[in-house]
Each structure stands twice: as structure tokens, then as C-alpha cells.
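These notes concern the structure reproduced below.
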Amino acid sequence: MKLEKEKQDRREKKSKRSSKDREKDSELNGKHKPSSKMKQSDRPSGVSRNDGQQKPGSPEINKNKEKTRSKSSKQRHSHKQRTADVKLCGEDENLCESVQTRKKKRVKDEESPEKHDKNQSSGRKRKKTSSEHKAEKNKKTKKDGDQKEKKKGEESDKWKWWEEGKSSDTQKWSSLEHKGPYFPPEYEPLPDNICFYYDGQPMKLSPATEEIVTFYAKMLDHEYTSKEVFQCNFFSDWKEEMTKEERKLIKMLSKCDFSQIHKYFVEKSEERKNMTKEEKQVLKEEASRLMEEYGFCLLDGHREKIGNFKLEPPGLFRGRGEHPKMGKLKKRIQPEDVTINCSQDSKIPAPPAGHRWKRVQHDNTVTWLASWLENIHGRPKYIMLNPSSKLKGEKDWQKYETARRLKMKVDSIRKQYRRDWTSREMKSRQRGVAIYFIDKLALRAGNEKDDESADTVGCCSLRVEHITLHRRLDGQEHVVEFDFLGKDSIRYYNKVPVEKQVFKNLKLFIKHKDPEDDLFDRITTVKLNKTLNECMPGLTAKVFRTFNASTTLQDQLNKLTTEGMTVEEKILSYNRANRAVAILCNHQRAAPKTFEKSMQLLQEKIQKKKEQIEEAKKELKEAKKAHKDAPSDKSKKLLEKKEKAVQRLSEQLKKLQLQETDREENKVIALGTSKLNYLDPRISVAWCKKHQVPVEKIYNKTQRDKFAWAIDMTDENFQF
DNA sequence: CCTTCCACTTAGGAAAAAGGGC
DNA sequence: GCCCTTTTTCCTAAGTGGAAGG
């Protein structure tokens, strides 16, 4: 209960402060000298970061759950309204007026020629290939020539969309056809001999109620079913779905016995594991048939993979961290909940027999194929394309180009925020320090959140309680100790020496504040981004993460790779560079369950190898002696053989040791996220080409698909 | 201005598949 | 081929940020 109240208080404080207080914006007589130069390299190495996840405070039961949401669901109808517009005016190929004009303003800025021209000069060699001519022709004929193109697209010799010109920012496609989402199978009732018990008595439940019970029973051996919040949410949602009779009888969760059902599912999964090869094969074929049918769409005549063509099955919501909604029932999605988006003249996907779609629309300013409202938060969810698609790939490319533009601009931005540190206005100082954190520490923006979700923060939402100021610590001056839960309730823990002026400002910011007050009470992400956007079009807080990540990778690779390294060593270097980024971005993972064990195994292996080397060396010595005492062809050969053996073993040892280091350093670091989302793939591709490392060693199949554009266009000279 | 909505990217864990030693 | 580990893929939650609405 306490937590809830604190949150409430916090909100009130912030909003109270808002109008009057903010306008007055305390005048500061900034007599502070601007402090010394900023080194780009003084980023913390992050070594002390990884204390793993934190289990914060006591669980909180969400009593008045419906209160907040009911209102907003009303407003959500506006969604309908807007898209209805689109439908009305979507008569011809052209974009709906209203949507288009609204978005145009923004587009103008962004459509600056920068994108492709720059790419081409820095990225790939510019050649007028035949495919390019083709591409141009394609574009022209796109509207009327769809039929022909469809066939070509299905043959799918990989669409090199990156060789075509940049496409419109507003209009995402001109034709889109798909099969609609795949619905998960219906619920299969339990066999008669498997029963739910209440208060010791067997009880037959209605199918709907029983299904919900199975959700809970399946997760019984998971830790969160023991949490009070989880149980409360579950029980209250469950009761809602019970029949009257059931509700009358079932009064307490603690009297419910799911163990037989639980056991049943454990056995079932065991069975699945023990299936024969043939059975598994059948299943596999079934899955690929499904993929074939539902997994692709036809976008502008090209067959593109869909990211998530299967609708999310019903179940119990499992938020991350201390989520107030954990355990709530996630309902089964009905066709009547689903909106379809496709082109007007395409074959409209058929809803399951006896059902209809909520709506079918033809809005080509969005990229999604289907959407529905998820019932836990009442937010929309979408079916969208796979990262290998043009729509995603082009956006990704664009993202890295924006980050590269920041690279050119970052010095002046740094100058500016340093000036802000001594501004007379509180809000400028706060903004200056916030941007400094975002730049230096790659913090996330930190939008405001409602309290229907876990209490996590980013830069702008940091609270006083999340930092500790140390005048000096461990021989360093002006150290800020950060300790907070970020996205996904991953703990960010870091001790960072900052510049004196920042330190002073922080002291000022926390003066007369309670721990649960906002550290930056005069700024929001919106204002911050507005400022950034004025510095550089397209610049927002998140660009800094991309920029810093890619810059770090590039620097580290340049630093860590030398000629004459073996491929394995180069890969270790790459991983280390990747790791530096992951640490910067605080990408963590739970230590693998078997980490200690497998580490030990590896060490044993290493030990054995060492012994083998000793042995081989001894033999080598003997051979040497023998050769010296009585030189002969045979003895010489033997000597060479032994030398080679020693050498071979040493190499193997080295490889193992490399592996050991790599694994040890990677214990709680997740490399995947940065690789997939923050590192300009052209850096990696260029590095591979330059150092003769096969790109497959760096990117697996999925990654190669996603980054096909970069792999194809990048030469070894690319620098971020 | 603030709040809400919407669409999109970014995220870690679970499940499934692949790899490798016997 | 089997068993165990490691890697990949799948899943969907949780962010960001632009725009609408009031």
C-alpha cells in the first residue's frame, strides 16, 4: 500500500509544481566558471556495473484496477474515427487527403536529399548496374504492372530494395496483400480423469473456466505464482469468467488444488520431448506449411516475410519486474477484435468461418497488416513485417544515417549543453545535465509512465533516490553513483566521475527535495527532444544511444584488431568491442543456469591440455637428445613430429583460453541486443572484409537476413 | 500547454534447434 | 544415436516519440 501512495504523491508533486513554479523558474546567478574540456574518452568502463537484477520492494496489490483505464477506452474510439477517414477517401490509389496533409509537414524536413546520396558515397561503390535500371523501371510500372511483378517477386531472388531510390516517408506501400493472422488452436478440454479440486472435492468446471485454470496450473512451479500480486490478479480475473455457480462455490484461491492438472501438463510435455523422429518431422512439416500460408505477404509486388503472423494465444500476463498487473488474464483474441489493413484491390483475407473482422481498412501510411487491442493495458498490438523486409530495413538504415549526422554535430551540441550548465535558468541547467547523461552514459530518455506498470525510470524520470553524490570516492572526485531500475526492470548500477559543474548542479537539483521527487523536475522528454531537434533535424534522445554504440564499436575495433591475428583472435576482439557497447548500453542477461558448471568443465579441459603439453614437451626433449646423440633421418623426423605436436597443442590451448576469457567476460552481458539494434552493420561488414573474417562468424542467418542491405553495399573502407 | 493515442523500435527470457562428445 | 550444452529463434513486454485532442 505504501508504494502505491508514494507514486501518487510523486505525481501530485510534479503536477503541482508545474504551472506557477515553472514559469518563475528560479533565477540562478551563474557565477560558475565553465570547467575544463570534456574528454570523449572519459566514459566509464562499466566494470562495476553488473550486480544483476534487483528484486525491489514488497509486492503491491492492485485494488482499484479498472479505475484508470475505463476512461481511456472511451477515448480510444478516436482511433476508429481517424482510420475511418482514411477509408472514406481511400477510393483511388492516392493517399487519403487528411492523413497525408497532416503528415506532410514533417516529411518535408526529412526528405532532404542527404539520405541516399550520402549513403552511396560513403557506403557502397556507385555503379549504374542493370539491376538499377530495372529498379527504376519497376518503380514506374509499379502501379499498373503489379500483376507481372507479383510473379517475379515470388521467384524472389531477394529483392535488393536498397538499390532503388529512397521511398516516401508517409506512404509505406502502394499494394499490400496478405492472408490475415493465424489464430491459435481452440482450447481442448481436459480428459475426464484429470480434475480440479476445491477444498479437497473434485469439481468439474465449465470449459471457459477450466481453460483459465490450465493457464495457472501450467506455471505452478514458476516462482511468480507464489507472489501475492500475481495470485490476487489471477483470482479476481478468473472469478470474473466463472459461471454463477462456480463463483458461488470458489471463494478462496488457497483452497484450489491444481496439482493434478499441473502433473498432467508436465507429463504431456514429457511426452512431446520423447516423440519419435517421424512424429517430430510431421510437426515440423505442419509448421512450415503454416509459415508458407500465413507467414508472407505481398508488398508492392514483392514477397515479404511477416514478423509475427501468429496471434498471441490467451494466457496469464507475466510482466517484468514488480509489475502490478502480473497474473491478469490475457484473453483470447477473436476475429471480431482484429482490424485488417491491406490494399483495397487485394484479396481481402477471410475471417475464420462464422466470424467477421472488426474492420478492414486500407491505410498505406502505416506498415501493419493487422491490429487488435490487448486487454491488459488496452493498448494496440500489431502484426508487422520481419526485420528482413524493405519496410523495416530501410528504416533501420535511416536510423544509422541519422546517428552519423549526429557524429558531425555532436561537438557543437556538447558545447551547448556545457553552456547550459551555468545558465541562469533552472530548466536549462537540468536540460544540460540530462543531455550530458544521455550522451555520456547512453541513458534512455525516460518518458513518464503511469503506475499501472512496473516502477522503472530513464534519464528524465530519474528521482533523487536514484543517485548518490560522493565528493570523492575511491580516489576519484565528484562521483555520481547511479542505482535504478531501467527498462525491463534491469538494474543500472554505475559509479561515474563527472565534471565539477555537473556535480554542483546535481547538488542544486536535489536540494530541498525528498528522495521520491524527480531529479529533473523542470524538464520532460518532450521538451528535451524539442531542444535536440532544434540542434539537428531528426535528433532525439535515442539517437545518442545508437550514435554512442556505433562509435564505440568502430573505435574499439580499430583499436583491438591488428594484422597477424588469427581469425579466432580477431573474433575475440570483435566480441570484446561488442561487449564494450553492451556494457555501455547496460544490456544484461541472467547468468546462464549452468554457467559455473560449464566454466569448470572448460577449466578442466584447459588443465588437461596443459598436462598434454608438458608431456609432449618432455617427449620433444627426449627426441632432441636422441637426435643430438645419434643424428639420423629417422631421429630428425621424430624431432620434427614432436615439435609439431607441441605447437599444435599450444594452439589448442590458446583457443581454449580465448574461449574461457570470452565466456567469463560474457557471464551477465547480452551481446545480441546491441548487435541487432544499435551497431551500424556496415561497421561490422567492413571490418570483416578488411580483416578477412567471414561474415558468418559475426552474423548468424537471421542477422544476415536483417542486414542483407549492409552486407551487400558495404566495402572494406566504410567508417561510421 | 498537457494528456492520450498510435505506431513503431528495443528488450530479455523461454523454447526449439543445432552442435559436439561419447 | 543419445545426451548435454550452446546457439538460434520465437515470443511478447516495454520502451520511444510523433501527433491528435482538449
Side-chain angles (χ1 to χ4, degrees), chain A residues 15 18-19 22-23 53 71-83 98-99 102-103 105-106 172 222 269 272-273 277 280 283-284 287 307-313 315 317-321 323 325-326 330 341 363 365-368 371 373-374 376-382 384-387 391-392 395-396 399 444-450 453-454 456-458 460-461 486-490 524-530 532-533 538 540-543 545-546 585-590 592-595 597-598 601-602 605 659 663 670 672-674 676-678 700-703:
Chain A
S15 57
S18 60
S19 45
R22 251 176 233 169
E23 274 159 33
Q53 264 166 266
K71 187 182 83 190
S72 36
S73 74
K74 215 192 294 169
Q75 279 154 359
R76 223 160 275 119
H77 289 297
S78 58
H79 174 45
K80 257 189 212 160
Q81 283 293 358
R82 189 184 139 219
T83 26
S98 57
V99 175
R102 244 180 274 141
K103 295 198 177 175
K105 238 188 295 159
R106 179 167 48 113
K172 304 297 167 64
H222 209 294
S269 82
R272 272 169 51 83
K273 246 188 253 159
K277 258 200 183 150
K280 279 183 184 163
L283 241 56
K284 216 170 151 184
N308 56 331
F309 63 90
K310 288 177 175 169
L311 285 179
E312 295 172 14
F317 175 77
R318 305 135 90 142
R320 312 218 170 121
H323 197 117
K325 298 205 174 192
M326 64 170 88
K330 193 164 95 169
N341 194 39
D363 181 355
T365 68
V366 295
T367 67
W368 51 268
S371 76
L373 286 182
E374 155 260 11
I376 304 286
H377 303 91
R379 290 172 33 154
K381 288 211 170 187
Y382 305 92
M384 290 190 193
L385 296 184
N386 185 273
L391 240 31
K392 296 283 187 193
K395 199 81 186 296
D396 207 36
K399 174 181 77 186
R444 295 187 184 83
N447 282 318
E448 202 127 352
K449 308 175 63 183
D450 57 36
S453 56
T456 63
V457 298
C460 292
S461 47
K487 183 178 180 181
D488 293 313
S489 292
I490 296 294
T524 63
T525 52
V526 175
K527 289 186 213 161
L528 189 137
N529 279 334
K530 213 174 251 167
L532 291 176
N533 201 265
T540 63
K542 86 195 257 286
V543 178
R545 264 169 92 80
T546 314
C585 295
N586 200 37
H587 291 141
Q588 298 189 15
R589 60 166 183 176
K593 280 205 178 70
T594 52
F595 184 84
K597 211 176 97 197
S598 80
L601 229 62
L602 194 60
K605 242 173 161 178
Q659 209 180 38
R663 201 183 293 177
T673 306
S674 49
L676 221 56
N677 300 298
Y678 288 105
N700 65 36
K701 178 77 172 65
T702 321
Q703 296 165 160

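Just so we're on the same page: letters track the sequence lines, and every chain starts at 1.
If you check B/dC8, C/dA13, B/dG12 against the side chain of A/Ile490, the one that comes closest is B/dG12. The side chain of A/Thr367 has B/dC8 as its nearest neighbour among C/dT5, C/dA14, B/dC8. Closest approach to the A/Lys542 side chain among C/dG17, B/dC8, C/dA13 is made by C/dG17 (side chain taken as heavy atoms from C-beta onward). Of the candidate nucleotides C/dT6, B/dA14, C/dA13, C/dT6 has the atom lying nearest to any side-chain atom of A/Thr594. The nucleotide whose nearest atom lies closest to any side-chain atom of A/Lys310 is, among C/dC11, B/dA14, B/dA11, C/dC11. Residue A/His587 places its side chain closer to B/dG12 than to any other of B/dG12, B/dA18, B/dC8. In this structure, of C/dG15, C/dT6, B/dG13, it is C/dT6 that holds the atom nearest to the side chain of A/Arg663. The listed nucleotides are B/dA7, C/dG17, C/dT12; the one nearest the side chain of A/Met384 is B/dA7. Nearest to the side chain of A/Arg379, among B/dA11, C/dT12, C/dG15, sits C/dG15. When the nucleotides C/dA13, B/dA7, B/dA11 are ranked by their closest atom to the side chain of A/Tyr382, B/dA7 comes out on top.
Checking A/Ser674 against A/Lys530, the closest nucleotide of DNA chain B that is more toward the 5' end is the one next to A/Lys530. Nucleotides of DNA chain C nearest to A/Ser598 and A/Gly486 differ in position, and the one nearer the 5' end is that of A/Ser598. Nucleotides of DNA chain C nearest to A/Pro313 and A/Gln703 differ in position, and the one nearer the 5' end is that of A/Gln703.
For A/Lys330 and C/dA13, the shortest distance from a side-chain N or O to OP1 or OP2 is below 4.0 Å. Between B/dG13 and A/Lys593, no contact under 4.0 Å exists linking OP1 or OP2 to a side-chain N or O. In terms of phosphate contacts, A/Asn308 brings no side-chain nitrogen or oxygen within less than 4.0 Å of OP1 or OP2 of C/dC11. Between A/Thr540 and the phosphate of C/dG18, there is no side-chain N or O to OP1/OP2 separation shorter than 4.0 Å. For the OP1/OP2 pair of B/dT10 and a distance below 4.0 Å, the side-chain nitrogens and oxygens of A/Arg545 include no atom meeting the criterion. The side chain of A/His222 contributes an N or O atom lying less than 4.0 Å from OP1 or OP2 of B/dA14. In this model, the phosphate group of B/dT10 is approached by a side-chain N or O of A/Lys399 to a distance below 4.0 Å at OP1 or OP2. Between A/Asn700 and C/dT8 there is a side-chain N or O to OP1 or OP2 distance below 4.0 Å. Distances shorter than 4.0 Å separate none of the side-chain N or O atoms of A/Lys325 from OP1 or OP2 on C/dA13. A close approach under 4.0 Å does occur between a side-chain nitrogen or oxygen of A/Thr673 and OP1 or OP2 of B/dG12. For A/Lys392, a side-chain nitrogen or oxygen approaches OP1 or OP2 of B/dT9 to under 4.0 Å.
Every residue two or more places apart in sequence or in another chain that forms a side-chain hydrogen bond (donor to acceptor under 3.5 Å, both in side chains) with A/Lys381 is listed here: A/Glu312. Partners of A/Asn677 under the side-chain hydrogen bond (donor to acceptor under 3.5 Å, both in side chains) rule, at least two apart in sequence or in another chain, do not exist in this structure.
Rounded to a whole Å, the NZ atom of A/Lys172 is 8 Å from the C1' atom of B/dA7. A/Lys284 has its NZ atom 12 Å from the P atom of C/dC10, to the nearest Å. The CG atom of A/Leu391 sits 11 Å away from the C1' atom of B/dC8 (whole-angstrom rounding). Residue A/Arg272 contributes atom CZ, which lies 9 Å from atom C1' of B/dA15 at whole-angstrom precision. Between the CG atom of A/Asn386 and the C1' atom of C/dT12 there is a distance of 15 Å, rounded to whole Å. The CG-P distance, from A/Asn529 to B/dC8, rounds to 18 Å in whole Å. A/Asn447 places its CG atom 18 Å from the P atom of B/dC8, with the value rounded to the nearest Å. Counting to the nearest Å, the P atom of B/dG13 and the CG atom of A/Asp488 are 8 Å from each other.
If you check every strand for non-hydrogen atoms under 4.0 Å, A/Gly446 touches sugar and phosphate atoms only. Across all strands, A/Arg320 comes closer than 4.0 Å to base atoms (heavy-atom distances).
Of all heavy-atom pairs spanning A/Cys460 and A/Leu528, the tightest one is SG-CD1, 3.9 Å. Counting all heavy atoms, side chain and backbone alike, A/Phe595 lies closest to A/Arg663 at CE1-O, 3.6 Å.
If you take CE on A/Met384 and OG1 on A/Thr367, they are separated by 4.5 Å, rounding to the nearest 0.5 Å. Summarising the geometry, atom CH2 belonging to A/Trp368 is positioned 12.0 Å from atom NZ belonging to A/Lys172; distances are rounded to the nearest 0.5 Å. For the atom pair A/Arg444 CZ and A/Cys585 SG, the distance stands at 8.0 Å (nearest 0.5 Å).
Using modelled atom types and a 3.5 Å distance limit, the side chains of A/Thr456 and A/Arg320 yield no donor-acceptor pair.
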